[in-house]
Amino acid sequence: MRDAAGRGETDHVPGAGPARPDPASGRAGAEHAVLLLRPALRAQGLSLGVVRVDDPRARPAGPGEWAAAVAMPSPRRRDFLAGRCAARRALAEAGHSAGELRRSGRRPLFPAGFEGSISHSGGLAVALAAPGGRVRALGCDLELRGLPLNSAHLVLGPDERTGLDPTAADAESRLLAVFSAKEAAFKAFSTLLGGEAPATLLGMATSPVPGGFRAWPRGLPGHVIDVRVRPAGPGVFSWAFAPVV
């Protein structure tokens, strides 16, 4: 869920209206929260990489990344390069020294023998990686910006919307948590199910479980994946994986 206490604030000037959230403070809180998850992630066989978009080491690692980066607008380029740097850090922690990461469309292609996922939000990039011998599919999602309640119909099916009280004080936080969980599950199912994977977030259903959600494709209810959701500064970080059994 969203952690209101992690939202940074600027100094308030009398008569100037309410203080605005400080993006830098929110990013620092999120980075700290995600890094604290490293022991739990390692216990699940997952390696973590975290990079800020202003990290000078977030640079292209080869001609493919250079070509992709120069064609992007500046904000997207910073996210892209930070994400690739975070992925290399996660892979290094998993025991693989990776160079540039190729891609298929917008999707990163991790080295043979490894599964991985990248997400970025609010000036921070996070990546998870794991050996393919331990994990069949992996997805993660970082959300540091709010999600308005009028977008619920794009995230939740009618059965899920009945459980969201729009008048509740934490309604937006709950919506953001489900959205992030579905984003992480969507990435994992894309690898796990290929062409049978849901095409949209509405193609998945969820139910709350301790520590997160259980998610499944509406057309394939026998394929279930658990998604962990944790507070991260002003938002949430979610991850889902299918272990090798």
Side-chain angles (χ1 to χ4, degrees), residues 1-4 6 26-27 29-51 79 82-83 86-87 90 107-108 115-130 135-147 151-152 154-157 160 163-164 170-192 197-198 200-217 223-243:
M1 299 297 174
R2 203 168 181 185
D3 183 6
R27 180 181 66 178
E31 181 180 23
H32 179 69
V34 173
L35 288 172
L36 286 177
L37 293 172
R38 176 169 269 131
L41 292 167
R42 281 180 174 168
Q44 296 169 1
L46 308 178
S47 297
L48 172 70
V50 180
V51 175
D79 285 342
R107 180 183 175 188
E115 297 293 337
S117 182
I118 301 171
S119 185
H120 38 70
S121 180
L124 190 67
V126 179
L128 296 179
V135 171
R136 294 182 294 151
L138 176 59
C140 70
D141 183 69
L142 178 68
E143 298 294 338
L144 301 185
R145 300 182 178 93
L147 197 65
S151 63
L154 301 174
V155 180
L156 307 177
E160 296 168 307
L164 181 69
D170 64 347
E172 286 193 2
S173 300
R174 291 182 177 276
L175 178 61
L176 184 66
V178 182
F179 173 72
S180 182
K182 283 197 170 188
E183 285 282 334
F186 184 89
K187 295 176 183 179
F189 280 131
S190 294
T191 300
L192 196 62
T200 67
L201 298 187
L202 290 175
M204 289 183 294
T206 60
S207 63
V209 296
F213 295 87
R214 186 156 291 155
W216 62 92
H223 291 274
V224 177
I225 198 165
D226 285 338
V227 189
R228 283 76 168 174
V229 181
R230 298 292 185 272
V236 293
F237 176 64
S238 304
W239 71 98
F241 68 98

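The first residue of the sequence shown is numbered 1, and numbering continues consecutively from there.
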Interatomic spacing from CD1 in I118 to CG in L128 - rounded to 0.5 Å: 10.0 Å
Main-chain N/O of V126 paired with S119 side-chain donor or acceptor, under 3.5 Å: no
Expected output: side-chain S117 to main-chain C140 donor-acceptor under 3.5 Å: yes
Side chains of L154 and L201 in contact at under 4.5 Å (non-hydrogen atoms): no
Minimum-distance pair of heavy atoms, taken over all atoms of G26 and P234: O-CD, 3.3 Å
Polar side-chain atom of R214 near backbone of D226 as donor-acceptor pair, under 3.5 Å: no
Nearest heavy-atom neighbours spanning A181 and F213: CB-CD1, 3.7 Å
Residue pair V50 / E31: nearest heavy atoms and the distance that separates them: CG1-CG, 3.9 Å
Salt bridge (Lys or Arg N to Asp or Glu O under 4.0 Å) partners of residues 34-45, not counting sequence neighbours, each pair once: R38-E93, R42-E93
Sub-6.0 Å ring centroid separation between F237 and W239: yes
Separation of R174 CZ from L156 CG (nearest 0.5 Å): 12.0 Å
T191 OG1 to R136 CZ distance, which is reported to the nearest 0.5 Å: 11.0 Å
Spatial distance of atom NZ (K187) from atom CG (L192) [nearest 0.5 Å]: 16.0 Å
Atom of P231, atom of A33 and distance for their closest heavy-atom approach: O-CB, 3.7 Å
Side-chain touch V155/L147, heavy atoms, less than 4.5 angstrom: yes
Smallest separation among heavy atoms of F189 and H223, with atom names: CZ-O, 3.7 Å
Nearest-0.5 Å distance, CG of residue L138 to CD of residue Q44: 10.0 Å
Interatomic distance, M204 atom CE to E183 atom CD [nearest 0.5 angstrom]: 7.5 Å
Contacts of type side chain to side chain donor-acceptor pair (under 3.5 Å), residue S180, not counting sequence neighbours: D141, S238
For V229, the option from L176, V209, V178, V236 that meets side-chain contact (heavy atoms from CB on, under 4.5 Å): V236
Nearest heavy-atom neighbours spanning L202 and G157: CD2-N, 3.9 Å
Those residues that, when tested against E160, pass salt bridge (Lys or Arg N to Asp or Glu O under 4.0 Å) (two or more places apart): K182, R218
